[in-house]
There are 2 protein chains.
Amino acid sequence: MARRRQSVTIKHVAADAGVSLQTVSRVINKEPNVRPEMMERVQASIAKLGYVPSIAAQRMGGSRSYLILALNDRERTIADWRKREGSDWIDQMLLGGMLTCAEHGYRMIFELVDTHSDHIERELSAALAALQPDGVILTPPHSHNPLITGLLERAGIAFARIGSLKPGGGFRLTMGDEVASRDATMHLAGMGHRRIGFIAGPDDYELSAWRIEGWRWAMEAVGLGIDDLLTAGDFSYASGTAAAAQLLDAGATAIVASNDQMALAAVAEVRRRGRDVPGDISVVSFDDTPVVRFHHPPLTAVSQPIAEVTSRAVGLLIADANGETNIAPVEVKAQLVPRGSTGPLRSSN
Amino acid sequence: MARRRQSVTIKHVAADAGVSLQTVSRVINKEPNVRPEMMERVQASIAKLGYVPSIAAQRMGGSRSYLILALNDRERTIADWRKREGSDWIDQMLLGGMLTCAEHGYRMIFELVDTHSDHIERELSAALAALQPDGVILTPPHSHNPLITGLLERAGIAFARIGSLKPGGGFRLTMGDEVASRDATMHLAGMGHRRIGFIAGPDDYELSAWRIEGWRWAMEAVGLGIDDLLTAGDFSYASGTAAAAQLLDAGATAIVASNDQMALAAVAEVRRRGRDVPGDISVVSFDDTPVVRFHHPPLTAVSQPIAEVTSRAVGLLIADANGETNIAPVEVKAQLVPRGSTGPLRSSN
DNA sequence: CTGAAAGCGCTAACAC
DNA sequence: GTGTTAGCGCTTTCAG
């Protein structure tokens, strides 16, 4: 239990460079009003001694913590990890977030918090008090949870909300779900499909509604009815199976599913009925996690730019910490990637 | 740029409970020599005020940081994330690591550092100085990099090395690669295969040698020669293709590949030659990332218990911080999971 | 068993 | 421009 202390501190640098602590501090924080020669001298000492500021001490001194907290839903994330279904949402967040943080001298810390309201405020407060991050990134369903956004606002901590446009403060980032859903539907309509079913995501995700909206928009645009072609899902494989069965019963020749697992389930259901994808039925999925590309056939999917949107979120947070202002919602567009699960309507249909 | 300070500090708790700062500190740190009634009173105040200690301040005061740093190879990790091939190594590390950290009031921070020697010491020192973790978890190839282990030892920071048994201090954790490789080979031999080829991993991973050893051991045990059946790979798909071609040319009827990507490549190569898996050729892979289960057929694979081994690593680190001693290497055994890519030797072979 | 003092490494505020 | 002072929230001495 050796009590380790910082080996080389600002004091050593100051002594080595023959200046005051404060001057070193100024150099570290790139403050103005330091003569260039002083600055060089200090930086030489820093490099020579291999000095790196202690983020704990910086925080104690009242400055930034240089920490960005990425928050995800505990229950869902752990379930995904345990299932090992190949979702790489978290990996992509880390990819975009960590790299952009690193570019600005920040670090990203990844944490899980429950959505369940008993814990949520306590847990979040604990994470904030313990870590004291300069900014927080929220993903659905946290990003539109008023308990969370409210707490963050009261605490005066900058935050970015991915996948939410509801009021509640913070920066809003989206991935153009409505347009993407419309594109997916148009892609199918363009191949001659007229009975294009939709499997929705759970209500507690704002993007579920956006995706429905895009589909509805497209169906109307090409003059198709949507009567019994909208079904409910909850992002689970099982719900995808049920919804697909319903749509096939209703005579759908194409299906847009609000996530990969439900799309995979839909393909399986089509085959269970002795029919073929894309020969008889076309399927499009949302998210485009890796499993979709290893599937046979690879699924046509809406690819979500998670890494990019997380990177943008980090950028907004850091810009904010630097006093730059930006309130307009940011949209990083998802892309439809046509693959083997969609094809022309078969004339026999 | 509001300069946020801790909203409720140890002072508030002390005032509320009518005790000294020190007593509160003792309660927080579960130190002995506090009367139960005092303790209860303090804990009541803590709960009431929702107090959570600032980890920065704790660190400043000279105690632990309650941070465990998980270090991975930057280049390889980022490449994996970019490729989106569905590897969930990182996810499984987070799963095992974060949950176990949380159980003990710790937090896990995930970082990437380059293996390239120019940066490595600087980068690692920077991360250590900035974060001041109580423990570090190393994965291959970092876990047997003397630059890293040496630096950590000199700094007096506890560390755990996953996938390495080389000397160099720290706790050592392995996943029984040799035994797993032997089991995989025996599984094939048990199905009648006699020409069982092996695709090795890169030399700079200790586990590459262990896996070769297990295969060699099994081949000898059942009296089979290994002459031209050992090929080199580097964990990449391309290298798997080349190695598989070589093995098939040599008349192998079964292949053990040192990771999933190379196994997938092997299956593809078999098919490219108009032959079938497992009808003509059996394939076993190492790692068992999700993609393997979504493949057709699902691959028989050695499933690596990443989550469990990371959890154990965290446990060792925390136990060490608590003054408990433990030097023996820990082995969390990988399991062979038989699936559809292996079958009996076809008589026509 | 509990309290008061000093100090961790750094920054903000104020002087010079 | 640069140095000095005080203090962040906590833990470690060391008294009582």
Side-chain angles (χ1 to χ4, degrees), chain A residues 1-42 46 49 51-67 105 126 128-132 134 321, chain B residues 1-42 46 49 51-67 105 126 128-132 134 321:
Chain A
M1 276 218 274
R3 197 165 70 268
R4 282 177 295 93
R5 307 228 90 117
Q6 192 89 339
S7 47
V8 28
T9 74
I10 197 173
K11 266 187 198 161
H12 304 142
V13 177
D16 185 88
V19 299
S20 74
L21 296 185
Q22 194 43 36
T23 302
V24 178
S25 174
R26 287 190 178 105
V27 172
I28 296 167
N29 296 293
K30 300 187 183 64
E31 279 172 32
N33 300 341
V34 183
R35 248 185 308 153
E37 50 188 284
M38 284 271 90
M39 197 163 131
E40 275 181 41
R41 195 139 59 102
V42 171
I46 289 179
L49 302 177
Y51 166 76
V52 178
S54 152
I55 141 174
Q58 286 188 130
R59 185 49 245 180
M60 288 303 299
S63 90
R64 311 179 181 183
S65 63
Y66 293 99
L67 257 27
L128 296 178
L131 265 11
Q132 309 193 166
D134 292 335
Chain B
M1 273 219 274
R3 196 166 71 267
R4 282 175 296 93
R5 305 228 94 117
Q6 193 89 340
S7 47
V8 27
T9 73
I10 198 172
K11 267 188 199 162
H12 303 145
V13 176
D16 185 86
V19 298
S20 73
L21 296 186
Q22 195 38 40
T23 303
V24 178
S25 174
R26 287 190 178 106
V27 171
I28 296 167
N29 296 293
K30 301 189 183 61
E31 279 172 31
N33 302 340
V34 183
R35 250 184 308 153
E37 51 187 286
M38 281 274 92
M39 200 163 127
E40 275 182 40
R41 195 139 60 100
V42 171
I46 289 178
L49 302 177
Y51 166 75
V52 177
S54 153
I55 147 172
Q58 286 188 128
R59 186 48 249 180
M60 288 303 300
S63 89
R64 313 180 180 181
S65 63
Y66 293 99
L67 259 26
L128 295 177
L131 265 10
Q132 310 195 162
D134 293 334

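To find a chain, count down the sequence lines: A is the first, B the second, and so on, and within it residues start at 1.
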**Shortest non-hydrogen contact between Arg64(B) and Ala321(B), atoms and distance** = NH2-O, 3.1 Å
**Side-chain N,O (Ser25(B)) to OP1/OP2 (dT12(D)) below 4.0 Å** = no
**Message:** For the OG atom of Ser54(A) and the CE atom of Met60(B), what is their distance to the nearest 0.5 Å?
**Reply:** 6.0 Å
**Contacting residues from residues 28-36 of chain B, given that a heavy atom lies under 4.0 angstrom of DNA chain C** = Asn33(B), Val34(B), Arg35(B)
**Request:** Scan residues 26-38 of chain A for pairs that pass salt bridge (Lys or Arg N to Asp or Glu O under 4.0 Å), counting only residues two or more places apart or in two chains.
**Result:** Arg35(A)-Glu37(A)
**Request:** Ignoring backbone atoms, test whether Tyr51(A) places a side-chain nitrogen or oxygen under 4.0 Å from the OP1 or OP2 oxygen of dC10(C).
**Result:** yes
**Complete:** dist Leu21(A):CG -> Thr9(A):OG1 (nearest 0.5 Å) comes out at 8.0 Å
**Message:** Looking at every heavy atom in both Met39(B) and Val34(B), which two are closest together, and how far apart are they?
**Reply:** N-CG1, 4.1 Å
**Prompt:** Quick one: is dC1(C) close enough that its OP1 or OP2 comes under 4.0 Å of any side-chain N or O from Thr23(B)?
**Reply:** no
**Asked** With side chains defined as the heavy atoms from C-beta onward, is the minimum distance between Ile10(A) and Ile28(A) less than 4.5 Å?
**Response** yes
**Request:** Report yes or no: does Arg59(B) contribute a side-chain atom to a donor-acceptor pair with the main-chain N or O of Ser65(B) at less than 3.5 Å?
**Result:** no
**Request:** Examine distances only and state if a side-chain atom of Asp16(B) and a backbone atom of His12(B) form a donor-acceptor pair shorter than 3.5 Å.
**Result:** no
**Message:** Let me check the geometry of the helix from dC1(C)-dG16(D) to dC16(C)-dG1(D). What is the bend angle between the axes at its two ends, five pairs each, to 10°?
**Reply:** 30°
**For Val52(A), side-chain contact (heavy atoms from CB on, under 4.5 Å) partners two or more places apart** = Ala126(B), Ala129(B), Ala130(B)
Identify all pairs in which a protein N or O lies below 3.5 Å from an N or O of nucleotides 14-16 of chain C, and state each distance.
none

All N/O pairs under 3.5 Å across the protein-nucleotides 5-8 of chain D interface:
| unit_1 | atom_1 | unit_2 | atom_2 | d |
| --- | --- | --- | --- | --- |
| dC8(D) | O2 | Met60(A) | O | 2.2 |
| dC8(D) | O2 | Gly61(A) | N | 3.3 |

**Request:** Could you grab the distance from atom CE of Met38(B) to atom CG of Asn33(B), nearest 0.5 Å is fine?
**Result:** 14.0 Å
